[in-house]
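A short worksheet on the structure shown next.
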Amino acid sequence: MNLEEMIEDVLKKGYSIFPDFLNQNEVSSLSFESEQFLQNGAFKQAGIGKGPATQVVSTTRSDLIHWFDPHSLTPTQSILWERLKIIQSAFNESLFMGLWDLEGHYALYPPGTFYRRHRDSFQSDDARTLSIVVYFNQNWKPDDGGQLRIYPIEQDLNHFIDIPPRAGTLVCFLSQTIEHEVRPSLTHRKSFAGWFKKRSST
Ligand code: OGA
Ligand code: MN
């Protein structure tokens, strides 16, 4: 998998899977750092919606998150961020997507947590354009659950693919069209989730 193939996948199918996007050292650093933030109490229960309207609805999603601050990234976060900026430029150059900003957070799904089927763009704001997820789960096994389920065909819920959240894998998909969910996790599922944004028109 390379960037050109990734872009072609997104054009054709709306999503792309990039195994081994991160090497083991990068995964270990990110995994370790997210663990540190967790132990320091920096993770918060994730909400639904945007800005002041954000609500915690644990029947919809029950993960914990910790946002990256783009103005003060740790050295570990910078490595991931710079890699993502390369993806951003590639999409802008090939598809004129107008991606101008990136936001993202660590996520932790403790045993028994999930994120029900949803799209990533908000009704009130269509800026989120390309969603990115990167996984840090070393030795992930099918029994660990937490697969990312993608529904590639709009309105067709019988058609889905389950993507194992294996360490180092990156998945990207169109934020406005691709419905997806996180299947119940049976272990401590660790990841990064981010969004490339265009200037919003709503
Ligand atoms: C999200 C999301 C998918 C995943 O955070 O919006 O859908 O596989 N995450 O973690
Ligand atoms: Mn999502």
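Being a predicted model, the structure only gives us computed values, none of them experimental. We number each residue from 1, following the sequence as shown. Atoms within a ligand are numbered from 1 in the order they appear, just like the ligands themselves.
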Basic-acidic side-chain contact under 4.0 Å: [X], [Y]:
X: Asp126; Y: Lys198; answer: yes
X: Glu154; Y: Arg119; answer: yes
X: Asp143; Y: Lys141; answer: no
X: Lys50; Y: Asp125; answer: yes

Where's the contact between [X] and ligand 1, heavy-atom distance under 4.0 Å: side chain, backbone, both or neither?
X: His118; result: side chain
X: Phe192; result: neither
X: Arg116; result: neither
X: Asp120; result: side chain

Give the atoms of ligand 1, by number and element, whose distance to some non-hydrogen atom of [X] is under 4.0 Å.
X: Trp195; answer: 6 (O)
X: Ala193; answer: 5 (O)
X: Tyr135; answer: 4 (C), 8 (O)

Taking both backbone and side-chain atoms of His180, is any N or O found less than 3.5 Å from an N or O belonging to ligand 1?
-> yes
Any N or O of Arg189 that comes nearer than 3.5 Å to an N or O of ligand 1?
-> yes
Relative to the ring of Phe21, is the ring of Phe18 parallel (under 30°), tilted (30 to 60°) or perpendicular (over 60°)?
-> perpendicular
Fit a plane to each ring of Phe160 and Tyr151, take the angle between them on a 0 to 90° scale, and name the class: parallel (under 30°), tilted (30 to 60°) or perpendicular (over 60°).
-> perpendicular
Does the side chain of Pro152 come within less than 4.5 Å of Tyr15's, by heavy atoms?
-> yes
Side chain to side chain, Arg166 and Asn137, heavy atoms closer than 4.5 Å = no
Among protein heavy atoms, which sits nearest to atom 1 (C) of ligand 1, and what does the distance come to when rounded to 0.1 Å?
-> Tyr115 CE1, 3.7 Å
Quick one: look up the protein heavy atom nearest atom 3 (C) of ligand 1 and list residue, atom name and how far away it is.
-> Val182 CG2, 3.5 Å
Using modelled atom types only, decide if a donor and an acceptor are shared between the side chain of Trp67 and the backbone of Glu103 within a distance under 3.5 Å.
-> no
Between Gly112 and Ser62 the two heavy atoms that sit nearest each other are O-OG, 4.5 Å
Just checking, any donor-acceptor pair under 3.5 angstrom between side chains of Ser131 and Ser175?
-> yes
Checked the Mn ion (ligand 2): protein N, O or S atoms closer than 2.8 Å come out as His118 NE2, Asp120 OD1, His180 NE2
